[in-house]
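All heavy atoms count here, side chains included; hydrogens, waters and symmetry mates do not.
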Amino acid sequence: MQLSFSSHKIEAGCDEAGRGCLAGPVMAAAVILPRDYHHPKLNDSKKLSEKDRWLLREHIEKHAVSYGVAMIDEREIERINILKASIKAMNESISRLSLEPELLLVDGNRFESYYSIPFECIVKGDAKFASIAAASILAKTYRDEYMIGLSKRYPGYGWDRNKGYATLSHRQAILDLGTTTHHRRTFRLSVQQKLF
């Protein structure tokens, strides 16, 4: 995994979590790491155990030069669409950095910078660059934490386990219980054809 894209610019890695969910917000993070940052387990959040993600979150927050986390809720996702909401969340996370980056490293292939900061879109960047991997871990753990909290108010949907993703049990719960205000109603929630 590479520590940086450039040799001299202040770089922030950016990533989001929750783009493909049926319920809950999309969360994004931006992280500026020290040039000499190292953790042997740092990787794409999807390749880590839940325990390692939480340990890494603590380490990243302790050692990062700066980090920011932002959330765009379900109603805004439905108003502007999930791609625009993901980009908005990343830009809001960038705005919360205490130091302005000179280059953004963005996971994926689509982005628009609100702040005229140069950026590089990197497909599977969370497995290639340390700052994007760190951002993926923060976005994922903050979103998981939020969904675990919501699951206490809506216990029938298993959000403490599925985090709002389209698992079979989540789709069955929608069929049995109906939708909540946290479901993305413009997404495909017609579960009958998915279940049978």
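Linking Ile, Leu, Val, Met, Phe, Trp and Tyr whenever their side-chain heavy atoms come within less than 4.5 Å leaves Leu33 and Leu105 in two separate clusters. The hydrophobic clustering, which links ILVMFWY residues whose side-chain heavy atoms are closer than 4.5 Å, places Tyr37 and Leu103 apart. Grouping the Ile, Leu, Val, Met, Phe, Trp and Tyr side chains by contacts below 4.5 angstrom, directly or via other members, places Ile148 apart from Ile137. Residue Tyr165 is not grouped with residue Ile72 when hydrophobic side chains (ILVMFWY) are merged at heavy-atom distances under 4.5 angstrom, including chains of intermediate members. Both Met1 and Ile60 belong to a common hydrophobic cluster when Ile, Leu, Val, Met, Phe, Trp and Tyr are linked at side-chain heavy-atom distances under 4.5 angstrom.
Applying the side chain to side chain contact (heavy atoms under 4.5 Å, CB included) test to Glu145 and every residue at least two apart in sequence or in another chain returns Trp54, Arg57, Tyr142. Not a single side-chain hydrogen bond (donor to acceptor under 3.5 Å, both in side chains) links Tyr146 to another residue, sequence neighbours left out. Listed by chain and number, the residues in a side chain to side chain contact (heavy atoms under 4.5 Å, CB included) with Ala12 are Ile32, Leu97, Pro101, Leu104 (sequence neighbours excluded). Judged as a salt bridge (Lys or Arg N to Asp or Glu O under 4.0 Å), and not counting sequence neighbours, Arg19 has no contacts. Residues passing the salt bridge (Lys or Arg N to Asp or Glu O under 4.0 Å) test with Lys163, sequence neighbours excluded: none. Residues passing the salt bridge (Lys or Arg N to Asp or Glu O under 4.0 Å) test with Arg161: none are found, sequence neighbours excluded. Scored by the side chain to side chain contact (heavy atoms under 4.5 Å, CB included) test, Ala29 finds Val69, Ala135, Leu138, Ala139 as partners (sequence neighbours excluded). With sequence neighbours left out, the side chain to side chain contact (heavy atoms under 4.5 Å, CB included) criterion links Glu100 to Ile117.
Legend: salt bridge (charged side-chain N to carboxylate O under 4.0 Å, His left out) pairs involving residues 32-50, not counting sequence neighbours, sorted by first then second residue: Lys41-Asp52, Asp44-Lys46, Lys46-Asp126. The stretch residues 12-33 participates, sequence neighbours left out, in no ring pair (Phe, Tyr, Trp, His ring centres under 6.0 Å) pair at all. Among residue pairs with one or both ends in residues 64-116, those qualifying as ring pair (Phe, Tyr, Trp, His ring centres under 6.0 Å) are Phe111-Phe119; sequence neighbours excluded.
At least one donor-acceptor pair closer than 3.5 Å links the side chain of Asn162 to the backbone N or O of Tyr157. The backbone N or O of Lys140 sits nowhere less than 3.5 Å from a side-chain atom of Arg53 that would complete a donor-acceptor pair. Asn109 contributes no side-chain N or O that, together with a main-chain N or O of Val123, makes up a donor-acceptor pair within less than 3.5 Å.
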Let me check something: any side-chain donor-acceptor pairs from residues 83-90 under 3.5 Å, sequence neighbours excluded? List them with distances.
residue	atom	partner	partner atom	Å
Ser86	OG	Ile82	O	2.9
Lys88	NZ	Glu76	OE2	2.8

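By the 30° and 60° cut-offs, the orientation of the rings of His63 relative to His59 is tilted. A tilted orientation is assigned to the rings of Phe129 and Phe5, their planes being inclined by 30° to 60°. The aromatic rings of His183 and His170 are tilted relative to each other, their planes meeting at an angle between 30° and 60°.
Separating the CD1 atom in Ile132 from the NZ atom in Lys124 is a distance of 14.0 Å, to the nearest 0.5 Å. The distance from atom CE of Met147 to atom OH of Tyr154, rounded to the nearest 0.5 Å, is 10.5 Å. Atom CZ of Arg185 sits about 13.5 Å away from atom CD1 of Ile77, to the nearest 0.5 Å. Residue Arg143 holds its CZ atom at 12.0 Å from OG1 of Thr141, rounded to the nearest 0.5 Å.
Under the 3.5 Å distance criterion, with hydrogens and angles disregarded, no donor-acceptor pair is assigned to the side chains of Thr181 and Glu74.
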